[in-house]
Every structure is written in C-alpha cells, then in structure tokens.
A.B. asks: 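If you scroll down you'll find the structure; I have some questions about it.
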Amino acid sequence: MSVRPVRGTVDLFPDDIRRHRRVIETARDLAELYGFGEIQTPVFEFTEVFARTLGDVSDVVTKEMYTFEDRGGEKITLRPENTAGVARAYISGKLQNELPLKYFYAGPMFRYERPQKGRQRQFHQIGVELFGVPFPSGDVEVIALAAQLLDKLGMRDHCVLNLNTLGDIESRETYRAALVEYFSSHKTRLSSDSLARLDKNPLRILDSKDESDKKVVEGAPSFNEFLTTMASDFFAEVLQGLDELDISYVLNPRLVRGLDYYCHTAFEFVTDALGAQGTVIGGGRYDGLIGIMGGASTPGVGWAGGIERLAMLADQTLPEITTSKPISLIPIGAAAEKKLKQLAYVLRGNGQHVDISFSGNLKRRMQRAGKLGARFALIVGEDELHANKATLRDMESGSQEEIRLQDVVKRLSDL
RNA sequence: GUGCCCAUAGCUCAGUUGGUUAGAGCGCCUGGUUGUGGUCCAGGAGGUCGCCGGUUCAAAUCCGGUUGGGCACCCCA
C-alpha cells in the first residue's frame with residue numbers, strides 16, 4: 001500500500017491542531033458575541049448545489065471540484081466552499097420566516113489545485129453568513145466581525161482591508177458589456193490568460209499582472225460611470241459604517257468576484273506576510289444566491305477565512321502555544337502500580353493533568369516525566385507503600401519530600 | 001494545466017575538479033547510578049545518497065527519464 005498522504009493533504013498532529021484550534025475558538029467565541037450560532041453542513045452535497053451556484057465558467061466548477069458518483073448513481077461533490085451549503089441548509093430547513101439568521105461555521109473544504117504555500121487540496125475555513133439583511137449595516141456588521149477577529153488574533157496591523165463594490169445586477173451587466181467591447185477592440189495586446197477571461201470573467205482582466213494587459217487596462221472604462229445611484233449610495237453607507245467604527249480600509253477597484261451572484265460589497269483582508277496567498281479573509285454580498293438555488297429570494301452577506309493561513313499568521317503574531325504540564329505518577333512494583341492507577345483515576349476526575357506510564361523501571365519512567373515537562377513526580381515503591389507514604393519530587397528543583405498517601409489528593413490539588 | 005527550484009541518517013544539513021571505509025549537529029540506544037529525569041562524561045545503532053537507465057576504469061557528484069516535494073502563474077481562503 002501507499003503510505004503517503006494524497007497530494008495536497010496533510011495530517012494534523014496535536015501541535016497542528018492546537019494551532020488551528022486557537023484560530024477556530026477565537027472566531028467561534030467572537031461570532032457568538034455577534035449572535036452567529038455555529039452550523040455544520042455536510043462536507044458533500046449534490047453536485048448541482050455547487051455547479052448551479054458557482055456558475056458554469058468559474059475555476060472552482062470547471063477544474064477544482066472533487067466530484068464523483070456514489071453507489072446510487074448520485075452526482076456528489078466535496079464542498080469547495082461553504083456558502084452554498086449553508087444556503088442550501090437554510091432553504092431545506094424552510095427558515096424563511098426566521099430572518100434574519102446568522103451562522104458561523106468551521107470545517108474542511110476541498111479543491112483540486114496544485115498545492116503551494118497556504119494552499120492545499122483539503123484545507124479548512126471558518127466563515128459566517130448573514131441572511132435576510134438587505135441593508136449596508138449587514139455588510140458592516142460582518143466586516144466588523146472579521147476585523148475584530150483579526151484584532152483578537154493580533155494580526156489586524158498586518159492585514160489591509162481591501163474594499164470594492166460590484167454594484168447591483170444592472171450596474172454590473174452594463175459595465176461588463178462595456179468592458180467586453182473595450183477589450184475586444186484591444187485583443188491583440190491582451191495576454192492569453194486575459195483572452196480566456198474575456199469570455200469567462202472580463203472583470204478579472206482589470207486585475208491582471210501581465211505588463212501588456214496593465215497598459216490596456218489603463219484605458220478601460222471605470223465602473224463608477226456605470227454604477228446606479230442606488231448602488232453607489234449603498235456602498236457609501238457601507239464605507240460610512242466602517243468609518244464610524246474606525247475600521248480602516250483601502251478602496252480597490254480591481255477587487256472582483258468570479259461568481260455571478262455576488263453584488264455590492266466585495267472585500268478581502270490581505271497580508272504580505274504569507275507569500276503569494278495573501279488573502280486571509282474574503283467575502284461579500286450575494287443577494288442573488290438563494291434565489292438561484294430555488295429558495296425564496298433572500299439577501300445574504302458573509303465571508304470565509306483560511307484556517308491554515310490564519311494559523312500561519314498567528315504563529316507570527318501570538319505568543320507561543322503552551323500546554324499544561326502533567327504530574328507524573330511513578331510506581332515501582334505491581335502493588336504500587338495498582339495503587340497509583342487508582343490515584344490517577346481520582347486525580348483526573350478532579351481535573352488534574354496526570355501522566356502514568358505503561359511500563360518501565362524507575363529510571364525509564366523518570367525520563368518520561370522529564371520529557372513531558374512534568375512539574376512534579378509522585379514516586380511510590382515498596383518502601384513507601386508499606387509506610388503508607390509517597391515521595392513527591394519537584395522536577396525543577398530536584399527537592400523531594402515524603403507525604404502521607406491519604407494526603408496526596410489534597411496536596412496535589414493545591415499545586 | 002504551465003514554469004522555476006529541490007531530493008544524502010528519524011530531523012536540519014555538509015560532502016572539494018567524479019577517486020578507495022559518505023560526515024556533522026540534534027534526536028535515539030547503552031553504560032557511568034540494583035529506587036531518581038533534565039545537565040555532564042564514555043560508547044553505540046542508524047544511509048542500497050528518491051527510483052530507473054546512460055557516460056566512465058571509477059558516480060552521492062556528470063547526462064536522460066521518472067516519482068515525490070517546495071515555490072510561482074492561473075484562481076482563490
């Protein structure tokens with residue numbers, strides 16, 4: 001058998017899990033304060049849940065989905081993101097009379113891509129979705145939550161909030177048409193990547209890194225000219241709401257979304273500390289999504305954050321993760337071992353971190369205690385047992401004292 | 001899917017213009033201590049140099065291929 005993990009997947013050992021956990025728990029706790037309750041949706045859905053909502057031309061659908069047929073012949077896809085799944089759950093649950101609804105989630109996502117720094121085929125995201133609030137204050141609340149989370153993770157100063165508006169449907173359709181017309185007249189100067197984007201997602205050309213493209217982009221029409229007053233008013237209110245909370249941002253007209261159902265606010269918190277994958281949290285408003293999926297038209301706004309990326313940043317911004325140090329119980333002989341196993345059970349029941357090794361002589365067990373960073377070792381051999389005593393060793397100072405066995409639980413609970 | 005870089009001990013890495021037995025630090029094991037860890041001292045185990053083929057009297061070293069990994073493009077978290 002092959003003993004290596006599938007390309008783009010990794011095993012998360014306890015140290016990795018601790019790194020993830022502090023990101024997830026910080027986010028979950030803060031989300032709870034904002035009234036976002038946690039939701040878990042399945043890691044796979046019917047393929048159409050993603051295919052329909054993400055659009056037929058998006059990269060996610062055309063080349064990144066893990067799709068297979070199950071034994072019943074159903075087309076199944078491992079979720080590449082969770083907004084569609086949460087929206088599906090909202091529709092399935094017939095929750096349209098419970099609005100507004102606020103959800104937080106954390107879990108694995110799957111995209112078939114070439115792995116690189118901050119990018120894997122199975123990765124993990126946290127995210128929030130707010131359904132049923134068509135007002136700019138919904139966008140502001142969701143962005144504020146993200147900003148405050150980055151603050152709690154000590155990385156707000158390392159991230160820049162990029163903001164843009166995609167306008168409403170009409171604004172975007174007319175702008176899109178204008179862009180296609182403009183770029184079509186400059187086809188010869190466009191890169192092959194951008195020629196492909198001309199059909200799929202012309203807005204993307206605006207963000208091209210190709211030098212020749214950049215020159216063409218300079219002459220391209222600006223979105224501002226195509227925004228309806230309703231759309232520009234909406235965006236202005238979002239900006240004002242952020243100003244009122246002293247949440248700083250930069251306007252980035254090149255920030256776009258590939259997916260059709262996005263509208264109005266698009267935002268990304270970006271850092272330069274993680275190489276090319278700088279987006280640490282990204283999101284926006286998606287008023288069209290739930291309607292596309294067949295639910296009663298319901299506005300939505302939310303974001304997702306990459307746990308691996310956030311954890312990497314947290315390594316730089318938060319203090320080193322510390323773990324609790326155990327008390328090591330060290331028996332010598334079968335009778336003492338039996339006694340200490342019972343004692344370990346009691347101490348653990350009292351909430352103490354207790355280690356008792358499964359085998360080894362005194363020296364071996366002391367080595368283990370040292371390696372685990374035990375603060376104290378409690379040694380019980382034949383001598384101690386007969387005298388109804390235990391030897392308590394302070395592992396740091398090396399000093400030892402004898403205490404009575406019946407005092408052990410009380411004594412250790414004071415440590 | 002495309003491009004660039006990399007692959008030597010469990011880990012991090014050295015290895016000279018191709019030359020005899022491939023090294024270091026850390027880690028691991030044993031002893032110095034019949035019931036005392038971490039420090040210290042002495043000793044030890046561990047490598048078909050990713051894999052396949054080629055050049056050569058001779059390959060870890062040069063060439064081709066292949067697999068795996070990393071980074072970047074595309075796109076995104």
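Values below: all heavy atoms of this structure, side chains included; hydrogens, waters and symmetry mates excluded. First the proteins, then the strands, lettered A, B, ... as listed; each starts at 1.
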A.B. asks: Provide the distance between the two C1' atoms, one in B/C40 and one in B/C4, to the nearest whole Å.
C.D. replies: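 Nearest-Å result for B/C40 against B/C4 at atom C1': 48 Å.
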A.B. asks: When we call it a touch if two heavy atoms are under 4.0 Å apart, what does A/Glu308 touch: a base, just sugar-phosphate, or nothing?
C.D. replies: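 Nothing, no heavy atom under 4.0 Å.
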A.B. asks: Could you identify which residues of residues 319-336 of chain A place a heavy atom less than 4.0 Å from some atom of RNA chain B, listed by residue number, or say none?
C.D. replies: A/Ile332
A.B. asks: Looking only at atom C1', what distance separates B/G69 and B/U36, rounded to whole Å?
C.D. replies: 45 Å
A.B. asks: Please report, rounded to the nearest Å, how far the P atom of B/G68 is from the CZ atom of A/Arg7.
C.D. replies: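 My rounded result for the distance is 7 Å.
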A.B. asks: Expressed as a whole number of angstroms, how long is the span from A/Arg119:CZ to B/A72:P?
C.D. replies: 9 Å
A.B. asks: With rounding to the closest Å, how many angstrom separate the C1' atoms on B/C26 and B/G46?
C.D. replies: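 My reading of the C1' atoms in B/C26 and B/G46 gives 14 Å.
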A.B. asks: If you take atom types as modelled and just measure distance, does the side chain of A/Gln400 reach the base of B/G35 with a donor-acceptor pair under 3.5 Å?
C.D. replies: no
A.B. asks: Would you please name every residue forming a salt bridge (charged side-chain N to carboxylate O under 4.0 Å, His left out) with A/Asp15, sequence neighbours left out?
C.D. replies: A/Arg18
A.B. asks: Under 3.5 Å for both distances, Watson-Crick or G-U wobble, that's the pair rule; now give the dot-bracket for RNA chain B, with | marking pairs to another strand and [ ] for crossing ones.
C.D. replies: (((((((..((((.....[...)))).(((((.......))))).....(((((..]....))))))))))))....
A.B. asks: For A/Glu74, enumerate each residue passing the salt bridge (charged side-chain N to carboxylate O under 4.0 Å, His left out) test, keeping only those at least two apart in sequence or located in another chain.
C.D. replies: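 Counting only residues at least two positions away or on another chain, A/Glu74 forms no salt bridge (charged side-chain N to carboxylate O under 4.0 Å, His left out).
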A.B. asks: Expressed as a whole number of angstroms, how long is the span from A/Arg79:CZ to B/A77:C1'?
C.D. replies: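 Interatomic distance, CZ of A/Arg79 to C1' of B/A77: 13 Å.
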A.B. asks: When the P atoms of B/G53 and B/G18 are compared, how many Å lie between them, rounded to an integer?
C.D. replies: 24 Å
A.B. asks: If the condition is side-chain hydrogen bond (donor to acceptor under 3.5 Å, both in side chains), which residues does A/Ser357 pass it with, not counting sequence neighbours?
C.D. replies: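 Only A/Arg365 meet the side-chain hydrogen bond (donor to acceptor under 3.5 Å, both in side chains) criterion with A/Ser357.
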A.B. asks: Main chain of A/Lys75, side chain of A/Thr47: is a donor-acceptor contact present, judged purely on distance under 3.5 Å?
C.D. replies: yes
A.B. asks: So, using salt bridge (charged side-chain N to carboxylate O under 4.0 Å, His left out) as the criterion, who are the partners of A/Arg7 when residues are at least two apart?
C.D. replies: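 By the salt bridge (charged side-chain N to carboxylate O under 4.0 Å, His left out) rule, A/Arg7 matches no residue at all.
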A.B. asks: Would you say the side-chain atoms of A/Arg156 pair up with the backbone N or O of A/Cys159, donor to acceptor, closer than 3.5 Å?
C.D. replies: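 Flag set: sc A/Arg156 to bb A/Cys159 pair under 3.5 Å.
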A.B. asks: Nearest to the A/Lys117 side chain among B/C75, B/C71, B/A77, which nucleotide is it?
C.D. replies: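 It is B/C71.
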A.B. asks: Under the salt bridge (charged side-chain N to carboxylate O under 4.0 Å, His left out) rule, what pairs show up with a residue in residues 368-394 of chain A, not counting sequence neighbours?
C.D. replies: A/Asp355-A/Arg368
A.B. asks: Once each nucleotide of nucleotides 37-42 of chain B is scored for protein heavy atoms under 4.0 Å, what B/S/- sequence comes out, 5' to 3'?
C.D. replies: BB----
A.B. asks: Using the C1' atom as the reference point in each nucleotide, state the distance between B/U21 and B/C62 in Å, no decimals.
C.D. replies: 24 Å
A.B. asks: Please measure how far the C1' atom in B/A14 lies from the corresponding atom in B/G47, and state the result in whole Å.
C.D. replies: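 Those two atoms are separated by 15 Å.
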A.B. asks: Considering only side-chain heavy atoms of A/Arg364, which listed nucleotide, B/C29, B/G35, B/A77, is closest?
C.D. replies: B/C29
A.B. asks: If you measure from CG on A/Asn361 to CD on A/Gln367, what distance do you get to the nearest 0.5 Å?
C.D. replies: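 Answer rounded to 0.5 Å: 8.5 Å.
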A.B. asks: Can you figure out which of B/U36, B/G68, B/C73 approaches the side chain of A/Arg4 most closely?
C.D. replies: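 Nearest nucleotide to the side chain: B/G68.
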A.B. asks: If I take atom CD1 in residue A/Ile379 and atom C1' in nucleotide B/G35, what distance separates them, rounded to the nearest angstrom?
C.D. replies: 8 Å
A.B. asks: Can you list the steps and then say if A/Arg411 with A/Glu401 is a salt bridge (Lys or Arg N to Asp or Glu O under 4.0 Å)?
C.D. replies: CA-CA 12 Å; A/Arg411 179 63 198 278; A/Glu401 61 178 308; 2.9 Å; yes
A.B. asks: In a check of side-chain hydrogen bond (donor to acceptor under 3.5 Å, both in side chains) between A/Gln277 and each of A/Gln116, A/Arg309, A/Lys117, which one passes?
C.D. replies: A/Gln116
A.B. asks: Given atom CD of A/Gln120 and atom P of B/G69, what is their separation to the nearest angstrom?
C.D. replies: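 The distance from CD of A/Gln120 to P of B/G69 comes to 12 Å, rounded to the nearest Å.
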A.B. asks: Could you note down all residue pairs passing salt bridge (charged side-chain N to carboxylate O under 4.0 Å, His left out) where residues 262-281 of chain A supplies at least one of them, sequence neighbours left out?
C.D. replies: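 Residue pairs with at least one partner in residues 262-281 of chain A: A/Arg257-A/Glu268.
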A.B. asks: How long is the line joining CD of A/Glu382 and C1' of B/G35, in whole Å?
C.D. replies: 11 Å
A.B. asks: B/G70 phosphate, OP1 or OP2: any side-chain N/O from A/Gln116 under 4.0 angstrom?
C.D. replies: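 It does not, given that no N or O in the side chain of A/Gln116 lies less than 4.0 Å from OP1 or OP2 of B/G70.
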A.B. asks: Which atom pairs link the protein and nucleotides 2-7 of chain B when you take only N or O atoms and keep those under 3.5 Å?
C.D. replies:
residue	atom	partner	partner atom	Å
B/U2	O4	A/Arg114	NH1	3.0
B/G3	O6	A/Arg114	NH2	3.2

A.B. asks: When the distance from CG of A/Asn361 to P of B/U33 is rounded to whole Å, what number comes out?
C.D. replies: 15 Å
A.B. asks: I'd like the P distance from B/G43 over to B/C6, given in whole Å.
C.D. replies: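 It comes out at 39 Å once rounded to the nearest Å.
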A.B. asks: Does A/Arg172 make a cation-pi contact with A/Phe226, if we ask for NZ or CZ under 6.0 Å from the ring centre and within 45° of the axis?
C.D. replies: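 The answer is no, since A/Arg172 fails at least one limit relative to A/Phe226.
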A.B. asks: Given atom CZ of A/Arg121 and atom P of B/C75, what is their separation to the nearest angstrom?
C.D. replies: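 After rounding, the reported distance stands at 18 Å.
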A.B. asks: Please report the distance separating the P of B/G19 from the corresponding atom of B/U33, rounded so that it comes out in whole Å.
C.D. replies: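 Each nucleotide's P atom is 46 Å from the other's.
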A.B. asks: Identify each donor-acceptor pair in which a side-chain atom of residues 29-40 of chain A lies under 3.5 Å from a protein atom, sequence neighbours left out, and give them as a table.
C.D. replies:
residue	atom	partner	partner atom	Å
A/Tyr34	OH	A/Gln148	OE1	2.5
A/Glu38	OE1	A/Arg28	NE	2.6
A/Glu38	OE2	A/Arg28	NH2	3.4

A.B. asks: Within residues 264-285 of chain A, which residues have any heavy atom lying less than 4.0 Å from an atom of RNA chain B?
C.D. replies: A/Gly275, A/Ala276, A/Gln277, A/Thr279, A/Val280, A/Ile281, A/Gly282
A.B. asks: If I take atom NZ from residue A/Lys152 and atom OG1 from residue A/Thr26, how far apart are they, to the nearest 0.5 angstrom?
C.D. replies: 8.5 Å
A.B. asks: Is the number of heavy atoms from other residues, nucleotides or ligands within 6.0 Å of OH (A/Tyr112) greater than 12?
C.D. replies: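 12 or below, so no.
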A.B. asks: Considering all heavy atoms of both residues, which atom of A/Val43 and which atom of A/Phe110 are nearest to each other, and what is their separation?
C.D. replies: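 Nearest pair, atom of A/Val43 first, then A/Phe110: CB-CE1, 4.2 Å.
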